[in-house]
Amino acid sequence: MRRFEILEPKSIKEACRILSEKEDVKVIAGGTALLILIKHGVFVPKTLVNLKKIKGAEEITYNPTEGLRVGALASIYDVESAPAVREHYPLLAQACHVVANIRIRNMATIGGNLAHADNQSDPPAALVALNASVELTSRNGVRTSKLADFLLGSYETTLEQDELLSALLVPPPLPGTRCTYIKFTTRSSEDRPCAGIAALVRCSNGICEEARVAVGAVSPVPVVVGEKVTGKKLTADLIKELAQEAGELVDPIEDLRGTVDYKRQLVKVLVRRALTGCIVEGVV
Ligand SMILES: Cc1cc2nc3c(=O)[nH]c(=O)nc-3n(C[C@H](O)[C@H](O)[C@H](O)COP(=O)(O)OP(=O)(O)OC[C@H]3O[C@@H](n4cnc5c(N)ncnc54)[C@H](O)[C@@H]3O)c2cc1C
């Protein structure tokens with residue numbers, strides 16, 4: 001049996017102090033990823049710092065000027081069901097709603113999902129498409145980083161050993177923004193994504209003012225396409241071109257969920273479908 005010291009700080013400040021003072025220490029939030037790794041002996045920490053007793057660390061707030069702030073300890077279910085998320089960020093609600101199953105979504109936290117940085121995850125692609133940032137807190141202060149910069153690779157982030165991911169920040173949505181998330185699984189409907197496509201499009205008078213498609217789970221970090229269509233009419237040909245580009249840019253690995261060629265082909269189809277769904281009602 002493995003034995004740990006478990007500390008239960010009551011504030012982010014106290015948690016950061018523990019992280020900066022202890023050795024062989026690991027933060028635990030929902031435990032859905034970490035406990036599996038501990039059981040397999042990947043981590044054998046001497047001390048676990050349970051974040052779940054920190055009051056207010058799961059709060060979700062929204063205001064139209066600053067946007068959305070999600071405390072890192074909010075569960076994936078808290079995020080998908082928050083009225084502000086459903087109303088202003090349906091893309092994020094959609095991506096959280098398809099994570100695993102309700103039991104996992106109730107335990108797993110959004111902070112744990114992003115800090116763990118498993119590339120076969122749903123929320124990161126949606127959040128990169130939404131241009132979200134993460135707030136990182138340590139004893140020395142608070143810094144923010146674009147999520148796209150924070151994620152370095154599969155299980156790799158810029159998080160320092162003594163830092164906590166304290167919140168997720170999403171800028172206010174601009175009027176007229178349309179978006180969709182398509183998750184494709186090849187094993188069971190509750191499985192991690194074989195590919196996850198988050199598309200966001202804002203058009204005015206038929207001209208595209210913003211388009212961002214983040215392709216998740218098919219590369220070490222979400223791959224983004226769409227910038228080149230700004231100022232253009234989003235025609236079927238242009239959508240096809242973007243879908244082609246996405247399929248070529250991704251860097252899939254062959255695994256139980258499919259071969260490299262299969263995944264590239266899948267990305268081309270899903271990106272086309274997601275973008276079309278943003279501009280034509282009833283496609284996705
Ligand atoms: C059966 C199963 C199916 C799943 N299916 C999906 C799926 O379909 N889609 C999907 O996206 N995900 C899926 N997941 C992954 C799940 O979303 C993650 O395990 C979960 O979000 C991690 O959050 P947690 O709070 O449980 O993290 P924990 O397990 O507590 O921690 C994970 C890691 O993050 C670190 N950490 C946690 N919180 C913080 C913080 N605030 N600051 C700094 N570091 C922190 C921990 O030290 C640890 O290294 C699945 C998981 C399981 C077990």
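Every number for a ligand or one of its atoms is a count from 1 in the order of the listing. Everything numeric in this text was worked out from a predicted model, so none of it was measured. Because only heavy atoms are used, hydrogens play no part in the values below, and waters and symmetry mates are left out as well, while side chains stay in.
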Inset, instruction - Flag yes if more than 12 heavy atoms outside Lys240 fall under 6.0 Å of its NZ atom; otherwise flag no. - result: no

Inset, instruction - For Glu21, check salt bridge (Lys or Arg N to Asp or Glu O under 4.0 Å) against everything at least two apart and list the hits. - result: Arg17, Arg139

Inset, instruction - Check the side chains of Glu135 and Thr144 for a donor-acceptor pair under 3.5 angstrom, ignoring hydrogens and angles. - result: no

Inset, instruction - Assess whether atom NZ of Lys13 is packed by more than 12 heavy atoms of other residues, nucleotides or ligands within 6.0 Å. - result: no

Check residues 110-131 and write down every donor-acceptor pair under 3.5 Å in which the side-chain atom is one partner and the other belongs to a residue at least two apart or another chain.
unit_1, atom_1, unit_2, atom_2, d
Asp118, OD1, Gln120, N, 2.8
Asp118, OD2, Tyr155, OH, 3.0
Asp118, OD2, Arg192, NH1, 3.4
Asn119, OD1, Ser154, OG, 3.3
Asn119, ND2, Ser219, O, 2.9
Gln120, OE1, Arg257, NH1, 2.9
Gln120, NE2, Asp255, OD2, 3.3
Ser121, OG, Asp118, O, 2.7
Asp122, OD1, Tyr181, OH, 2.6
Asp122, OD2, Lys183, NZ, 2.9

Legend entry - Residue shell around ligand 1, heavy atom under 4.0 angstrom: Lys26, Val27, Ile28, Ala29, Gly30, Gly31, Thr32, Ala33, Leu34, Ile36, Leu51, Ala72, Val99, Ala100, Ile104, Ala108, Thr109, Gly112, Asn113, Ala115, His116, Ser121, Asp122, Pro123, Leu159, Leu164, Leu165, Lys183, Asp191, Arg192

Inset, instruction - Could I get the full list of salt bridge (Lys or Arg N to Asp or Glu O under 4.0 Å) partners for Glu66, not counting sequence neighbours? - result: none

